Amino acid sequence: MAPWFLWHALSSTARLSTVLQILIFLPLTLSTLSKSAFLLLSLLLFLHSLIHGTLVLFWGSPALSIMQVPMHPFLLLVCFNAFSEGVHPWLTMAASWWGKILHWSSPGFIVMEGMSSLLVAQRLGQVGKELVGEGEGYQFGLLVAAAAAYVASAWWIVVSYPAAAASPLSSTLLGVALTSLIFLTFIGFGLRRTNVIESSCLALIVAYNVWLCGVDDALILDPALSYTPLLSNILPHLQTLVNFVSNTLPKPVLFALVYRLVVLHFASRILPTIGADSWEDDAGVDSVWEGRPTSKLTHLLLTYRQSIFVTVYSHLLLLDHSSQVWWRWMNIFFTLAIWSVELLVSNDDDAVTKQWKVD
């Protein structure tokens with residue numbers, strides 16, 4: 001038991017170290033070197049994560065998480081060395097094309113985040129429906145939680161309004177989004193195709209995106225803060241290092257990164273459960289569940305999650321404030337549009353819809 005526990009602790013520490021290295025190295029390169037150096041490092045990390053994911057897919061050894069830890073500092077040193085003197089034209093061209101690919105991927109990220117957010121909200125609504133049938137205590141608790149979510153989302157929007165609605169166009173977009181959310185909620189209640197848990201989750205999603213639309217540029221990166229020289233005393237030096245890291249990591253981008261990765265992760269877990277009963281009835285045995293297309297897709301997403309992490313993080317760091325604001329508005333209206341289509345077009349006679357949708 002002791003060797004297994006030590007090995008598990010070591011592999012978990014290695015995975016955490018990998019995440020922290022990626023979180024720090026990318027904005028560090030962007031703030032200290034240049035955009036081209038940042039794109040080159042992002043490309044190298046992406047290629048390394050593809051190789052790592054492929055090895056995990058075919059080999060599956062837990063030692064891979066430990067073996068890859070030294071690779072990220074090595075790639076950082078390679079990037080710094082490449083840009084210390086004259087940069088090779090091939091490297092500049094590769095970084096430029098990687099930046100174009102990240103820019104072209106913006107609609108795809110918006111679609112994935114919007115659909116994943118809606119899928120998670122609907123899953124929470126389904127779980128809430130199942131808990132309501134367990135007793136009145138669950139029903140009362142879920143009503144209180146939904147009311148708290150409505151109040152929290154309203155407060156969040158009110159607090160974010162001065163910054164998010166700084167222009168006539170943005171205030172108009174906010175009004176349209178809130179009106180659409182309210183009308184879709186009442187339409188869903190009237191058609192009995194949603195509940196307060198699902199609609200309160202959608203309200204929180206809208207409030208979250210509105211808040212990100214009002215984030216100021218100064219919060220993303222403050223170039224006036226720099227790393228001071230080494231001090232003889234270790235404690236002031238550590239304090240300086242902590243200040244540098246805390247001001248280098250863009251906090252709004254971290255919020256967006258965590259949210260996007262979390263909803264993608266939960267959506268990948270939810271997808272195999274949609275229509276699982278009908279699949280098992282057709283197959284006749286439970287052992288073929290692993291062969292379902294959604295299960296294979298989930299396995300691939302989880303295997304290459306580090307590649308997704310690097311791509312999503314690089315894309316968020318690459319966007320400037322105005323671009324992030326417009327993509328956030330697109331995310332809000334895309335999510336509401338998908339929800340409206342799902343509410344109005346769902347077929348009540350379909351077995352999967354009856355099992356998945358909330359009455």
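Only this structure's heavy atoms are used, side chains among them; waters, hydrogens and symmetry mates stay out. Note that the structure is predicted; figures quoted are calculated from it, not measured.
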* Does one hydrophobic cluster hold both Val120 and Val127, with members joined at side-chain heavy-atom distances below 4.5 Å? -> yes

* Nearest heavy-atom pair of Ser171 and Tyr161: which atoms, and what distance? -> CB-OH, 4.3 Å

* Asked: Looking only at heavy atoms, which two atoms of Leu39 and Trp98 are closest? And how far apart?
  -> O-CD1, 3.3 Å

* NZ (Lys35) with more than 12 external heavy atoms under 6.0 Å -> no

* Asked: For the atom pair CD1 (Ile22) and CZ (Phe309), what is the distance rounded to the nearest 0.5 Å?
  -> 5.0 Å

* Could you state whether Val69 and Met67 fall into the same hydrophobic cluster, counting links through intermediate Ile, Leu, Val, Met, Phe, Trp or Tyr residues with side-chain heavy atoms under 4.5 angstrom apart? => no

* Nearest heavy-atom neighbours spanning Pro73 and Phe25 -> N-CE1, 3.7 Å

* **Sequence neighbours excluded - side chain to side chain donor-acceptor pair (under 3.5 Å) pairs with any residue from residues 131-159** => Tyr150-Ser199

* Asked: Is His315 close to Val312 at the side-chain level, that is, under 4.5 Å between some pair of heavy atoms?
  -> no

* Looking at Ile187 and Leu344, what are the two nearest heavy atoms and their distance? -> CG2-CD2, 3.8 Å

* Identify whether Val262 and Ile197 are in the same connected component of the hydrophobic contact network (ILVMFWY, side-chain heavy atoms under 4.5 Å). => yes

* **CE/Met330: more than 12 non-hydrogen atoms of other groups inside 6.0 Å** => no

* Quick one: side-chain contact (heavy atoms from CB on, under 4.5 Å) partners of Thr92, sequence neighbours excluded? -> Val87

* Short question: side chain of Thr179, backbone of Val176 - any donor-acceptor pair under 3.5 Å? -> no

* Asked: Are Leu181 and Phe183 connected in the hydrophobic side-chain network, where two residues link if heavy atoms are under 4.5 Å apart?
  -> no

* Asked: From Arg328 CZ over to Tyr208 OH, what is the distance, rounded to the nearest 0.5 angstrom?
  -> 4.5 Å

* **Check against ring-ring contact (aromatic ring centres under 6.0 Å, His included), Trp327 and Phe109** => CA-CA 10 Å; Trp327 282 117; Phe109 288 124; 9.8 Å; no

* Do you know the tightest heavy-atom contact between Thr185 and Thr194? -> O-CG2, 4.3 Å

* Structure fact -> Scanning both residues in full, the closest heavy-atom pair of Leu204 with Ala149 reads CD2-O, 3.7 Å

* To do: Let me see the working for Thr54 and Trp59 under side chain to side chain contact (heavy atoms under 4.5 Å, CB included), right down to the final yes or no.
  => CA-CA 8 Å; Thr54 304; Trp59 186 16; over 6 Å; no

* **NE2 on His265 to OG on Ser116, rounded to 0.5 Å** => 12.0 Å

* How is the hydrophobic cluster of Ile182 composed, in terms of its other members, when Ile, Leu, Val, Met, Phe, Trp and Tyr link through side-chain heavy atoms under 4.5 Å apart, directly or indirectly? -> Phe186

* **Sole candidate of Leu202, Asn209, Val210 that passes side chain to side chain contact (heavy atoms under 4.5 Å, CB included) when paired with Val206** => Val210

* Working to the nearest 0.5 Å, report the span between CD of Gln68 and CD of Gln306. => 4.5 Å

